[in-house]
Amino acid sequence: MSPHPDRHDPHALHDPHDECRTVRADGELDLTTAPDFTRGLEDVRHGSGRLFLVVDLSRVTFMDGSVLDPLCAAWDDCHERLGWARVVYTRPGIGLVFRAAAVQERFPRYATAQDARRGVAADPRKQYSVAGDLSA
């Protein structure tokens, strides 16, 4: 898993055209990996000015509530700086964590990082397949 972005990591992207930064994680996000994920979210928020952040969790296989505080802090920071934070996920477990914490409206589901950048949320009527992917 590589939730900690660095300047030479292709998983930590900064698009100068639209000032959108992306943090990607894979594998499990839990109490043991949350500190690295938190550092990644903090690293991309350095600086000033508007901040647009995509958090790509499409390759995360498990997530517990230990990442909610850093995600909410990133969301708050982005909104205070007149930007946004959007989360990409397709696995139902991630949606359940957001729903249980009552933050699903703060973190609507985006199917791809490109959709998140464009502000096109996933269709809430689409169902998850057994594999965790979206079915038609």
Side-chain angles (χ1 to χ4, degrees):
M1 183 172 107
S2 61
H4 182 72
D6 79 40
R7 294 174 193 248
H8 305 292
D9 182 355
H11 291 110
L13 305 175
H14 173 73
D15 186 345
H17 177 69
D18 63 2
E19 294 301 312
C20 183
R21 300 169 188 182
T22 300
V23 174
R24 289 188 178 103
D26 59 5
E28 296 186 1
L29 284 177
D30 57 24
L31 191 59
T32 62
T33 59
D36 286 337
F37 181 69
T38 300
R39 274 191 296 281
L41 289 173
E42 290 169 349
D43 287 350
V44 298
R45 295 184 351 245
H46 285 300
S48 61
R50 292 181 77 181
L51 179 58
F52 305 100
L53 176 62
V54 173
V55 181
D56 188 346
L57 305 180
S58 61
R59 294 180 8 182
V60 169
T61 56
F62 172 82
M63 184 179 96
D64 68 16
S66 61
V67 299
L68 291 173
D69 282 342
L71 277 173
C72 288
W75 189 93
D76 290 340
D77 189 22
C78 290
H79 281 264
E80 287 173 9
R81 293 166 62 177
L82 304 177
W84 45 254
R86 298 175 179 157
V87 180
V88 176
Y89 62 97
T90 57
R91 300 225 177 236
I94 294 172
L96 289 173
V97 171
F98 288 150
R99 202 168 324 139
V103 294
Q104 71 273 18
E105 287 186 24
R106 183 180 270 212
F107 299 114
R109 182 168 43 92
Y110 291 87
T112 67
Q114 183 178 10
D115 286 348
R117 283 186 198 94
R118 293 184 312 190
V120 179
D123 186 342
R125 296 171 296 178
K126 295 224 178 196
Q127 298 296 315
Y128 295 102
S129 71
V130 175
D133 298 323
L134 294 174
S135 62

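Every heavy atom of this structure was used, including side-chain atoms; hydrogens, water molecules and symmetry mates were not.
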Pair Trp75-Leu71, side-chain contact (heavy atoms from CB on, under 4.5 Å): steps then yes or no = CA-CA 6 Å; Trp75 189 93; Leu71 277 173; over 6 Å; no
request  = For Arg21 and Val44, indicate whether the former's side chain and the latter's backbone hold a donor-acceptor pair under 3.5 Å.
outcome  = yes
ask   = Quick one: does Leu41's side chain get under 4.5 Å of Asp77's, heavy atoms only?
value = no
Minimum side-chain heavy-atom gap Thr22-Arg117 below 4.5 Å = yes
Step-by-step side-chain contact (heavy atoms from CB on, under 4.5 Å) determination, Ser58 to Tyr110 = CA-CA 9 Å; Ser58 61; Tyr110 291 87; over 6 Å; no
Search all heavy atoms of [X] against all heavy atoms of [Y] and return the closest pair with its distance.
X      : Y      : answer
Leu82  : Arg50  : O-NE, 3.0 Å
Asp30  : Ser66  : C-OG, 3.1 Å
Asp56  : Ala113 : OD2-CB, 4.2 Å
Val88  : Val54  : CG2-CG1, 3.9 Å
Glu28  : Thr33  : O-OG1, 2.9 Å
Arg118 : Arg86  : C-NH1, 4.1 Å

request  = Applying side-chain contact (heavy atoms from CB on, under 4.5 Å), run through Phe98 and Val87 and close with a yes or a no.
outcome  = CA-CA 11 Å; Phe98 288 150; Val87 180; 4.2 Å; yes
query = Going through the checks in order, is the side-chain contact (heavy atoms from CB on, under 4.5 Å) test met by Arg91 and Met63?
reply = CA-CA 10 Å; Arg91 300 225 177 236; Met63 184 179 96; over 6 Å; no
query = Just wondering, are more than 12 heavy atoms of other shown residues or ligands nearer than 6.0 Å to CG in Leu31?
reply = no
Tyr89 vs Phe107, ring-ring contact (aromatic ring centres under 6.0 Å, His included): CA-CA, chis, key distance, verdict = CA-CA 10 Å; Tyr89 62 97; Phe107 299 114; 8.8 Å; no
inquiry  = Working note: Arg106 + Asp76, criterion salt bridge (Lys or Arg N to Asp or Glu O under 4.0 Å); need CA distance, chi angles, decisive distance, verdict.
reply    = CA-CA 10 Å; Arg106 183 180 270 212; Asp76 290 340; 3.2 Å; yes
request  = Mind checking the CG-CD1 spacing from Leu29 to Ile94? Nearest 0.5 Å is all I need.
outcome  = 7.5 Å
